[in-house]
Amino acid sequence: MSGKTLEIRHLNTSFFTQKGEVGAAKDICLEVRPGQIVGIVGESGCGKSVTARSVMGLVKYPGRVVSGEILLNGTRITGISKKEACSLRGSEVSMIFQEPMTSLNPVIKVGRQVEEVLLIHKKITKKEAKKEAAKILEAVGISDVASRMECYPHQLSGGLRQRVMIAMAMICSPSLLIADEPTTALDVTVEAQILRLMKKLCEAGTSILLISHNLGVIAQVCDYVYVMYAGRIVEQGETFTLFDHPAHPYTRGLLGAAKSLRSDAGLLKTIPGVVPNLLHLPAGCSFSPRCDSCMDLCRSEMPDMLPAGEKGHLTRCWRS
Amino acid sequence: MLHNALQRLLQSILVLLGCALMIFIMLRIIPGNPIAVLMGEHADTAVIERMTAELGLDQPVLIQFFRYIGGALRGDFGTSYSLGKPVSALIASAFVNTLILALMAALFAWVLGVISGIIAAVKKNSILDHLFMGASLLGVSMPVFMTAMLLQYFLSFRLKWFPIAGTDSLAGFLLPAVALGWNSAGSVARLVRSTLLEILEEDYIDTARAKGRGQLGVLVLHALRNAMLPVITMMAIQLSGLLSGAVITETIFAINGIGRLAVQAISARDIPLLQGTVLFSAAIVIIGNFIADSLYNVLDPRIRRRG
Ligand SMILES: Nc1ncnc2c1ncn2[C@@H]1O[C@H](COP(=O)(O)OP(=O)(O)O)[C@@H](O)[C@H]1O
Ligand SMILES: [Mg+2]
């Protein structure tokens with residue numbers, strides 16, 4: 001055992017579009033250790049979902065994993081057969097999605113949808129599956145479970161549906177749960193409840209990879225954070241270190257923008273410029289055109305991940 | 001939900017009554033006295049007048065209409081002028097043939113349409129997809145008389161695999177059913193393909209994959225159930241269209257069905273018979289629509305609970 005729940009090594013995932021190859025995830029190296037909640041943060045379109053889907057083997061056409069290795073509990077899961085991949089999905093690693101409103105099948109009762117996971121992976125009777133499903137639905141904080149199980153998704157609120165999704169993801173006690181913007185579509189009070197629930201699940205033994213574009217969400221629950229920009233990881237570190245001493249100009253920009261949103265300083269702070277088109281990335285560091293401390297070197301050469309002070313704190317910036 | 005169904009039932013009955021009235025009025029405003037046609041060129045005007053009075057055709061249209069509806073409610077649709085038999089009996093015996101033809105056509109169309117639609121969607125942009133969609137384009141755009149005559153010429157006349165016409169055996173129904181179903185097969189295939197492609201992009205399909213369902217499980221248990229909703233509606237409407245009589249196919253293959261009966265009624269100016277067949281077809285279409293609506297309500301929980 002390598003002692004890591006998830007290990008991604010130099011992952012490259014691309015979309016092969018008519019205009020050319022779009023490198024949506026480039027040279028991603030990432031780890032999730034047992035009992036950890038690890039965050040990925042970055043603007044929309046930076047490749048968070050693509051990275052998550054690469055782990056699940058669910059990258060959408062015309063995309064595919066081009067190179068790199070993904071290990072789950074020390075076992076390689078890249079390049080395994082479709083059948084093997086199916087037996088891992090939902091039992092060893094599961095995923096919940098951003099849109100609770102559309103992520104459940106509208107014509108199947110929610111109880112059945114939760115039971116289904118057990119019936120796929122375990123040799124048990126329908127009756128036992130139903131009992132188990134009721135148990136897990138109760139555990140994720142749904143009251144009046146018996147009648148809720150007989151409901152169709154459209155009869156439940158967004159928060160309840162996301163709880164059902166979580167129950168579905170957790171019912172086989174996977175070692176890794178990937179949550180892709182699980183609270184983005186929910187209002188703030190429900191968001192807080194769902195985050196608390198995820199913390200509880202983590203304490204119960206499931207490692208979590210939490211994806212969000214919201215720094216507040218990441219700060220609340222994550223032990224370790226990766227910051228992504230234009231398909232690459234640009235900074236990584238313990239949550240406290242990263243938030244207190246951001247080393248990459250992009251992370252500083254994100255934090256500044258988030259702070260100005262919370263204070264009433266009047267003017268909203270933003271990062272100047274726009275997210276680059278992945279088909280036409282600038283030479284050198286992808287962030288260089290928007291960077292306020294850009295040097296000549298930055299425009300010609302992409303830096304590697306370099307140490308930035310504290311142990312385990314790395315950044316992709318020449319100035320570190 | 002029951003309230004909903006009742007409401008739709010009432011609506012259907014009203015539409016049917018409206019249809020009956022329209023048919024009734026239209027048949028009465030076309031020029032020419034049907035009795036004169038019936039009695040032949042040299043009939044006595046006095047005799048014609050007596051016949052007209054006897055059949056109640058001298059009464060105001062509305063009175064005639066209510067009499068007709070009254071009779072219809074008792075199963076009496078009048079007597080055919082030209083064949084001298086009760087219209088209801090004529091329709092009943094013709095409907096047996098139409099029913100066999102329609103069911104065979106529907107079976108052929110749906111099995112072929114659904115299977116090729118699914119394959120085309122799953123193997124999108126493959127050779128099979130292009131092949132099926134090309135064939136279905138031919139299916140939806142080729143007029144039925146052309147399909148029918150091509151099939152008849154090559155398979156019956158040239159290859160002698162099937163009887164040319166007539167319904168002495170069930171085999172006689174095969175070619176007409178294929179000719180008639182070809183069209184519906186094309187539209188079903190296209191609808192299945194397009195809805196399935198749309199549904200395979202839905203988030204809950206990702207969820208099903210994330211649960212560990214394989215390709216087949218995702219397709220059958222999650223995608224098809226949703227994709228079939230609009231398809232089943234289309235099928236119900238198609239079936240009612242097929243059951244209401246296939247004038248052209250029945251004529252080409254000499255099948256004594258509802259469509260052919262209506263054509264006979266027209267050429268003989270047999271108003272009670274024509275009225276009966278047209279009303280019967282309208283009723284079938286209205287019932288088909290009612291069933292299509294009801295099915296959608298039963299199959300889609302989102303609509304089911306709203307009523
Ligand atoms: N179906 C697709 N076809 C082409 N490119 C895609 C597709 N899906 C995603 N991408 C590319 O991948 C990038 C990252 O997408 P994604 O991982 O969904 O971003 P996010 O960080 O918001 O989750 C997008 O900016 C886009 O360029
Ligand atoms: Mg995303």
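Heavy-atom basis, side chains included; hydrogens, waters and symmetry copies ignored. Keep in mind that what you see is a predicted model, and the values were worked out from it rather than measured. Below, chains carry the letters A, B, ... as their sequence lines are ordered, and counting in each starts from 1.
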### Task
Take atom CD1 of B:I127 as the centre, draw a 6.0 Å sphere, and report whether it contains more than 12 heavy atoms from other residues, nucleotides or ligands.
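No, not enclosed.
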Are side-chain heavy atoms of [X] and [Y] found at a separation under 4.5 Å?
X: A:I108; Y: B:H222; answer: yes
X: B:T207; Y: A:Q113; answer: no
X: A:N105; Y: B:N226; answer: yes

#### Entry: CG-OH distance between B:N125 and A:Y61, expressed to the nearest 0.5 angstrom
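Reported to 0.5 Å precision, the distance equals 7.0 Å.
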### Query
What's the spacing between B:R209 CZ and A:C86 SG if we round to 0.5 Å?
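If we round to the nearest 0.5 Å, B:R209:CZ and A:C86:SG are 9.0 Å apart.
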#### Entry: Contact winner vs chain B - A:S87, A:P153, A:G90, heavy-atom pairs under 4.5 Å
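Winner by heavy-atom pair count: A:G90.
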### Best-contacting candidate, A:I120, A:I171, A:V117, against chain B by heavy atom pairs under 4.5 angstrom
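Answer, by heavy-atom pair count under 4.5 Å with chain B: A:I120.
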### Query
Can you name the closest pair of heavy atoms from B:K211 and A:H121 and give their distance?
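Distance-wise, the nearest heavy atoms are O-NE2, 2.7 Å.
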### Message
Testing the basics here: between A:P106 and B:P301, what is the closest heavy-atom pair and its distance to 0.1 Å?
### Response
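Shortest heavy-atom contact: O-CG, 3.3 Å.
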With a 4.5 angstrom heavy-atom cut-off, which part of [X] approaches chain B: side chain, backbone, both or neither?
X: A:T102; result: both
X: A:M165; result: side chain
X: A:K60; result: side chain

### Contact winner vs chain A - B:E202, B:E201, B:R213, B:Q215, heavy-atom pairs under 4.5 Å
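Highest number of heavy-atom pairs under 4.5 Å: B:R213.
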#### Entry: Stepwise side-chain contact (heavy atoms from CB on, under 4.5 Å) test for A:M56 and B:D206
CA-CA 10 Å; A:M56 292 297 290; B:D206 278 337; over 6 Å; no
